[in-house]
Number of protein chains: 2
Amino acid sequence: MATIYDVAQRARVSPATVSRVLNGQATVDPGLAARVRTAVRDLNYRPNSVARSLRRSRTTLWAVIISDVGNPFFTALVRGVEDVGQRAGYSVVLCNSDEDPAKEARYVTAALEDRMAGVIISSSGRSANVNRLIEAGTPVVAIDRQISGTRVDSVLVDNEHGAELATAHLAAHGYRRIACITGPRKLSTAAQRLRGYQRALAANGLAAPACLVRHADFREEGGYAAMASLLDAADPPDAVFAANNLMTVGAVECLVDRGIGIPDRIGVVGFDEVPGARLFRPSLTTVAQPTYELGRTAATLLAERIAEPDRPPSTITLRTELKVRESSRR
Amino acid sequence: MATIYDVAQRARVSPATVSRVLNGQATVDPGLAARVRTAVRDLNYRPNSVARSLRRSRTTLWAVIISDVGNPFFTALVRGVEDVGQRAGYSVVLCNSDEDPAKEARYVTAALEDRMAGVIISSSGRSANVNRLIEAGTPVVAIDRQISGTRVDSVLVDNEHGAELATAHLAAHGYRRIACITGPRKLSTAAQRLRGYQRALAANGLAAPACLVRHADFREEGGYAAMASLLDAADPPDAVFAANNLMTVGAVECLVDRGIGIPDRIGVVGFDEVPGARLFRPSLTTVAQPTYELGRTAATLLAERIAEPDRPPSTITLRTELKVRESSRR
DNA sequence: CTGTTAGCGCGTTCAT
DNA sequence: ATGAACGCGCTAACAG
């Protein structure tokens with residue numbers, strides 16, 4: 001593949017002039033510039049961005065580390081990141097950690113070695129990986145999940161408030177034994193949504209026995225198993241709040257399999273919009289998150305931090321919205 | 001950030017020795033190797049893979065260019081690519097073209113400039129972009145969609161056969177006016193699935209009037225509109241074969257909105273598994289594709305081509321499977 | 001087995 | 001406004 005020297009030779013100028021024409025910084029004689037552009041076209045020249053990155057000591061790559069590419073929540077988010085990133089001249093490397101801290105660590109290592117311009121991460125728990133990036137001076141933005149004990153730009157949603165609204169809504173519709181299927185203990189989102197649930201119960205004078213709470217894995221299977229376990233308990237619930245989209249699907253599947261009517265025998269509210277929800281009857285009440293916006297915001301924050309590395313970290317919290325549909329009204 | 005010279009100085013060896021220890025090619029005196037490893041740890045040294053790539057004239061990045069990150073078909077595929085790629089030492093850059101040839105062209109340019117080690121592409125129609133890659137000597141694998149007029153490694157599924165099975169199945173269950181909602185004319189998958197549909201009709205002695213065929217956009221909205229258009233026609237169908245997953249969802253939504261019973265008034269079969277299908281009653285009959293395997297196979301092929309650039313291109317066709325469920329039996 | 005040297009392709013001084 | 005020379009960090013070739 002042609003190099004800048006080949007172009008220079010063909011255009012009878014120096015490589016420096018070619019570089020100037022291509023990057024449009026300094027002024028170049030129009031005649032020479034035209035010769036250069038012709039030579040570029042003739043040789044089908046593409047600048048080598050590896051050499052460029054080495055010379056400039058910076059790349060145009062962002063890593064987005066998420067825990068599940070199969071979850072529409074994350075793909076919507078990635079789409080938001082990508083749209084903003086591409087506009088700012090960055091390519092996005094999608095890294096799927098599968099909720100596995102070891103895999104996440106490998107991606108962080110790769111981001112470090114590739115000298116990525118920035119990282120957006122929805123971390124699977126511990127702050128160690130994020131700290132490695134910060135120590136190396138790599139711009140980072142935490143998205144969706146909070147990093148405890150580390151000051152870092154973050155884009156979150158009002159998890160506690162959303163969960164509280166969802167639970168209060170169930171209480172307002174006469175449900176009394178409201179269960180909660182939340183996520184892994186280590187994840188901030190799971191903890192915050194559980195807290196919102198508990199606060200709503202307290203505010204409505206309802207008991208919040210531990211036997212109505214399940215910690216699952218934020219996946220469909222986990223939601224199914226948790227729902228089954230709640231139903232098999234001594235005193236089953238009459239409503240359930242599931243703390244993410246896939247677990248909501250699992251829980252509903254379990255109810256359908258057992259022929260338990262929604263919303264009559266059991267009311268259901270899920271956190272985050274559910275894939276395929278439109279096909280399901282009754283339609284599902286959910287706490288909607290601005291997923292695409294989440295990605296856009298994180299990308300914007302990352303671009304700003306790259307431009308201004310020393311400014312203090314900021315946290316942006318986006319609002320959720322309760323979408324009342326049929327699954328929660330009896 | 002520390003360089004290989006910093007490490008060499010601290011370990012009192014030459015940079016070349018550090019390189020040898022890190023890459024494990026040549027043999028190095030155990031004592032020196034230990035000193036190097038200590039220095040690496042002390043300085044928290046990370047090799048600069050930009051410099052390495054420049055020196056070696058090759059990178060460890062693959063681009064996967066797909067048309068819709070929001071479609072579970074593509075995310076499953078990407079997951080397969082990524083799993084194989086990571087094992088072979090490659091990171092995967094996910095590029096979402098949104099079915100837009102211009103956006104696809106930009107990603108191809110980026111892949112070229114970044115000297116990516118390889119590209120896996122589900123191209124949105126024309127072969128021009130793929131040809132640019134081939135001319136530049138970049139290893140390419142076409143996935144899901146065939147590239148016409150260009151010899152290139154390809155991983156496809158037996159679209160025509162799958163569509164034929166689906167349509168024949170509807171005919172066998174007594175449906176007589178079977179419609180087809182297929183994709184954009186330019187896409188090989190759309191054309192092949194349409195041909196399979198037509199062949200099955202012919203084999204079963206059924207007419208195949210053009211008024212029963214719709215070309216939509218492979219998205220939910222398109223499926224919905226196409227279904228509506230079929231229902232509003234003079235002589236509506238009693239069954240429909242939808243040529244991809246999202247259009248199936250759209251078509252079913254349309255039927256639900258209009259209160260048209262499935263499978264009694266209209267039988268439904270979709271190509272590719274449908275997101276959220278498990279929640280839907282009646283359950284949907286589909287032509288299942290080995291999506292994850294598709295990705296794995298393409299990645300394997302790409303790795304092989306990188307190792308052996310001059311071997312003749314091969315095409316691998318994976319099998320689909322008809323999953324008979326409730327939506328097609330009356 | 002180890003060190004010295006050169007160069008991957010580019011952008012950026014510094015002269016002119 | 002243009003060109004010559006250097007070096008980003010690394011690894012491969014060669015010498016010792």
For a quick test of reading the model: is some side-chain N or O of [X] closer than 4.0 Å to OP1 or OP2 of [N]?
X	N	result
T17(A)	dG3(D)	yes
N48(A)	dC8(C)	no
Y5(B)	dT4(C)	no
S14(A)	dT2(D)	no
S19(B)	dT11(D)	yes

So if I take every side-chain heavy atom of [X] and compare against [options], which nucleotide ends up nearest?
X	options	answer
I4(A)	dG9(D), dG3(C), dC10(C)	dC10(C)
P47(B)	dC10(D), dA4(D), dT12(C)	dC10(D)
L54(B)	dT2(D), dG9(C), dA12(D)	dG9(C)
A51(B)	dT11(D), dG3(D), dG9(D)	dG9(D)

Review point. Going by heavy atoms in the side chains, are T189(B) and N244(B) under 4.5 Å from each other?
Key: no

If you round to the nearest 0.5 Å, how far is [atom2] of [Y] from [atom1] of [X]?
X	Y	atom1	atom2	value
T150(A)	N131(A)	OG1	CG	3.5 Å
R20(A)	L32(A)	CZ	CG	10.5 Å
R151(A)	T315(A)	CZ	OG1	8.5 Å
Y45(B)	L22(B)	OH	CG	6.0 Å

Atom pair distance, as rounded to whole Å: [atom1] in [X] and [atom2] in [N]:
X	N	atom1	atom2	value
R20(A)	dG11(C)	CZ	P	11 Å
R52(B)	dG9(C)	CZ	C1'	18 Å
Q9(B)	dG9(D)	CD	P	14 Å
D114(B)	dG9(C)	CG	P	16 Å
R58(B)	dG9(C)	CZ	P	14 Å
R35(A)	dT2(D)	CZ	P	9 Å
E113(A)	dG9(D)	CD	P	15 Å
M1(A)	dC8(C)	CE	P	16 Å

Practice item. Using heavy atoms to find the nearest nucleotide of DNA chain C for R55(B) and A16(B) separately, return the residue whose nucleotide is more 5′. Key: A16(B)

**Study point:** Closest-nucleotide ordering on DNA chain C, the 5'-leading residue of S57(B) and A26(B)
**Key:** A26(B)

Would you indicate what [X] reaches in the nucleic acid, counting non-hydrogen atoms under 4.0 angstrom: base, sugar-phosphate, or nothing?
X	result
T27(B)	sugar-phosphate
V13(A)	sugar-phosphate
P15(A)	nothing

Check your understanding: If you measure from the Lys or Arg side-chain nitrogens to the Asp or Glu carboxylate oxygens, is any gap between R145(B) and E99(B) under 4.0 Å?
Key -> yes

